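Start at 1 and go down the list; that is how both ligands and their atoms are numbered. Everything numeric in this text was worked out from a predicted model, so none of it was measured.
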Amino acid sequence: MNHLLSIKDLSQAQLVDLLSLAKEIKANPKQYQNALAGKSVVMLFEKPSLRTRVSFDIGINKLGGHCLYLDQQNGALGKREPVSDFAANISCWADAIVARTFAHSTIEGLAEHGSVPVINALSDMYHPCQGLADFLTLSEQFDDLSKVNLAYVGDGNNVTHSLMYGAAILGVNLTVICPQGHFPDGQVVVEAQALAAKHGGKLVLSSDINDIANHDAIYTDTWISMGDNADLADIKAKFGPYQVNSELMQQAGANFFMHCLPAYRGVEVTADVVDGEGSLILHQAENRMHAQNAVLVTLLAD
Ligand code: CP
Ligand code: NVA
């Protein structure tokens, strides 16, 4: 493992190892307090962030490393100087690059032109760190992930893609329910279905909200992602039946609710569900740090 650009690049063994290392670091943080001693990580963010930025910064600190945050006062990466120069220059000083970008190709460019590991902190295509934290969270609730029935409801987006790859590689049964026209990327669907078949999981796509029956957990995300210019009124009209509310949770028979956050209460999810007893949102948020620390230790520790 040289980078973390997408969960699809991980073998099942690598993904299982990352989750078990994350659990180990979470349980025994002191044993890892010098794992990144003397190492510096540059964080490049083209988009806003709370969880990703803070969990990387504090996580790196807990591993004894140092991080430097660069926002894009000068506009998107590649405007003032090429992405290739960014990557080559940062590689002179830093031991890794964490990047949140609009285009996934920017992250690929950093990996191609730099000489240090690159970690995708969200692009238009993928959110692998979120996916890792989500499966870590599920594995804390269920002993056997291959028996879990997870449903993702809403917009087929970067978070959906990473969940699809993660579920497929781990053999988790995943149903993705989206309005027509808002399905996940076609190539991701094909690749994830092939991985699911290989690992004994099931990936079902549907636009029929009644397919929600018989799921252990329902996951949703914002209906409008960063960088999307969709009109909220149009989207609300189209996505209304896909809101996660207590009736939908009941129809699914789901005990757990998941969301990567930020959540828009009264839009993709009602407040009683997102703030309710079965909501795993703060476990997911906490696990961002432990999952990312497992990635950092795997990529960087001596
Ligand atoms: N879930 C997530 O990535 O949150 P941020 O956008 O706040 O980093
Ligand atoms: N799909 C969302 C995730 C935010 C963490 C976005 O890209 O804005």
Side-chain angles (χ1 to χ4, degrees), residues 4-7 22 41 43-60 67 69-72 76-77 97-107 119-138 152-166 174 176-179 181-185 188 217-232 235-236 239 242-244 257-265 267-269 274 279-293 295-296:
L4 179 65
L5 307 190
S6 168
I7 289 182
V41 179
M43 304 208 294
L44 297 170
F45 278 58
E46 288 183 341
K47 297 175 178 174
S49 169
L50 171 68
R51 278 147 294 275
T52 309
R53 178 183 176 182
V54 175
S55 59
F56 265 110
D57 190 321
I58 293 180
I60 290 165
C67 90
Y69 174 78
L70 298 180
D71 66 13
Q72 288 313 302
L77 279 173
I97 299 172
V98 170
R100 167 169 286 198
T101 64
F102 285 95
H104 186 65
S105 57
T106 305
I107 293 188
I119 300 173
N120 180 355
L122 181 147
S123 66
D124 57 352
M125 280 301 282
Y126 307 116
H127 199 359
C129 296
Q130 182 68 53
L132 292 177
D134 297 336
F135 289 107
L136 177 60
T137 304
L138 279 171
Y152 176 91
V153 178
D155 184 38
N157 62 19
N158 44 8
V159 168
T160 329
H161 293 160
S162 291
L163 276 180
M164 286 163 61
Y165 281 127
L174 175 64
V176 176
I177 306 178
C178 311
H182 295 268
F183 277 96
D185 178 83
V188 174
I218 303 183
Y219 196 125
T220 193
D221 184 15
T222 179
W223 289 342
I224 303 181
S225 285
M226 293 180 277
D228 287 0
N229 297 315
D231 179 73
L232 182 59
I235 290 291
K236 275 186 173 172
F239 279 68
Y242 300 84
Q243 182 190 64
V244 182
F257 170 77
M258 301 178 77
H259 195 309
C260 57
L261 305 181
Y264 300 92
R265 288 169 177 77
V267 185
E268 74 272 10
V269 59
V274 71
S279 176
L280 297 176
I281 55 172
L282 293 181
H283 296 282
Q284 293 173 263
E286 183 190 340
N287 283 336
R288 290 294 306 275
M289 184 177 78
H290 305 301
Q292 288 156 194
N293 280 3
V295 173
L296 288 161

A.B. asks: For Val159 and Cys260, work out which heavy atoms get closest and say how close.
C.D. replies: CG2-SG, 3.8 Å

A.B. asks: For the residue pair Asp134 / Thr137, report whether a side-chain donor-acceptor contact shorter than 3.5 Å exists.
C.D. replies: no

A.B. asks: Note the single closest protein heavy atom to atom 8 (O) of ligand 2, along with its residue, its atom name and the distance in Å.
C.D. replies: Met226 N, 2.8 Å

A.B. asks: Measuring from Leu122:CG to Phe45:CZ, what's the distance to the nearest 0.5 Å?
C.D. replies: 9.0 Å

A.B. asks: Enumerate the atoms of ligand 1 whose separation from the nearest heavy atom of His127 is less than 4.0 angstrom.
C.D. replies: 2 (C), 3 (O)

A.B. asks: With side-chain contact (heavy atoms from CB on, under 4.5 Å) as the criterion, how do Asp155 and Asp228 come out once you've worked through the C-alpha distance, each side chain's angles and the decisive distance to 0.1 Å?
C.D. replies: CA-CA 11 Å; Asp155 184 38; Asp228 287 0; 4.3 Å; yes

A.B. asks: Is a side-chain N or O of Glu46 found less than 3.5 angstrom from the main chain of Leu77, in a donor-acceptor match?
C.D. replies: yes

A.B. asks: Is Leu50 in polar range of ligand 1, meaning some N or O pair under 3.5 Å apart?
C.D. replies: yes

A.B. asks: At the 4.0 Å heavy-atom cut-off, does Leu261 count as touching ligand 1?
C.D. replies: yes

A.B. asks: Are His182 and Phe239, when compared by the centres of their aromatic rings, separated by less than 6.0 Å?
C.D. replies: yes

A.B. asks: Among all protein heavy atoms in this structure, tell me which lies nearest to atom 4 (O) of ligand 1, with the distance rounded to 0.1 Å.
C.D. replies: Arg51 NE, 2.8 Å

A.B. asks: Quick one: look up the protein heavy atom nearest atom 2 (C) of ligand 1 and list residue, atom name and how far away it is.
C.D. replies: Arg288 NH1, 3.4 Å

A.B. asks: Report yes if some N/O of Thr52 lies less than 3.5 Å from some N/O of ligand 1; otherwise report no.
C.D. replies: yes

A.B. asks: Counting heavy atoms only, which of Lys47, Arg100, Met226, Gln130 comes nearest to atom 6 (O) of ligand 1?
C.D. replies: Arg100

A.B. asks: May I ask you to identify the nearest protein heavy atom to atom 7 (O) of ligand 2, giving residue, atom name and distance to one decimal place in Å?
C.D. replies: Asn158 ND2, 2.8 Å

A.B. asks: Name the one of Gln292, Arg100, Met289 that satisfies side chain to side chain contact (heavy atoms under 4.5 Å, CB included) with Cys129?
C.D. replies: Gln292

A.B. asks: Identify which one of Val295, Val41, Ile119, Asn293 satisfies the side chain to side chain contact (heavy atoms under 4.5 Å, CB included) criterion when paired with Phe56.
C.D. replies: Ile119

A.B. asks: Under 4.0 Å from ligand 2, counting heavy atoms only, is it the side chain of Leu122, its backbone, both or neither?
C.D. replies: side chain

A.B. asks: Nearest protein heavy-atom contact for atom 3 (C) of ligand 2: which residue, which atom, what distance?
C.D. replies: Asp221 OD2, 3.6 Å

A.B. asks: Any nitrogen or oxygen of Cys260, main chain or side chain, under 3.5 Å from a nitrogen or oxygen of ligand 1?
C.D. replies: yes

A.B. asks: Side chains of Asp57 and Tyr69: does their closest heavy-atom pair fall under 4.5 Å?
C.D. replies: no

A.B. asks: Can you check whether Ser225 has an N/O within less than 3.5 Å of an N/O in ligand 2?
C.D. replies: yes

A.B. asks: For residues Gln130 and Ser162, is any side-chain donor paired with an opposing acceptor at under 3.5 Å?
C.D. replies: no

A.B. asks: Could you check atom 5 (C) of ligand 2 against the protein and tell me its nearest heavy-atom contact, residue, atom and distance included?
C.D. replies: Leu261 O, 3.5 Å

A.B. asks: Report, in ascending order of atom number, the atoms of ligand 2 lying under 4.0 Å from any heavy atom of Asn157.
C.D. replies: 1 (N)

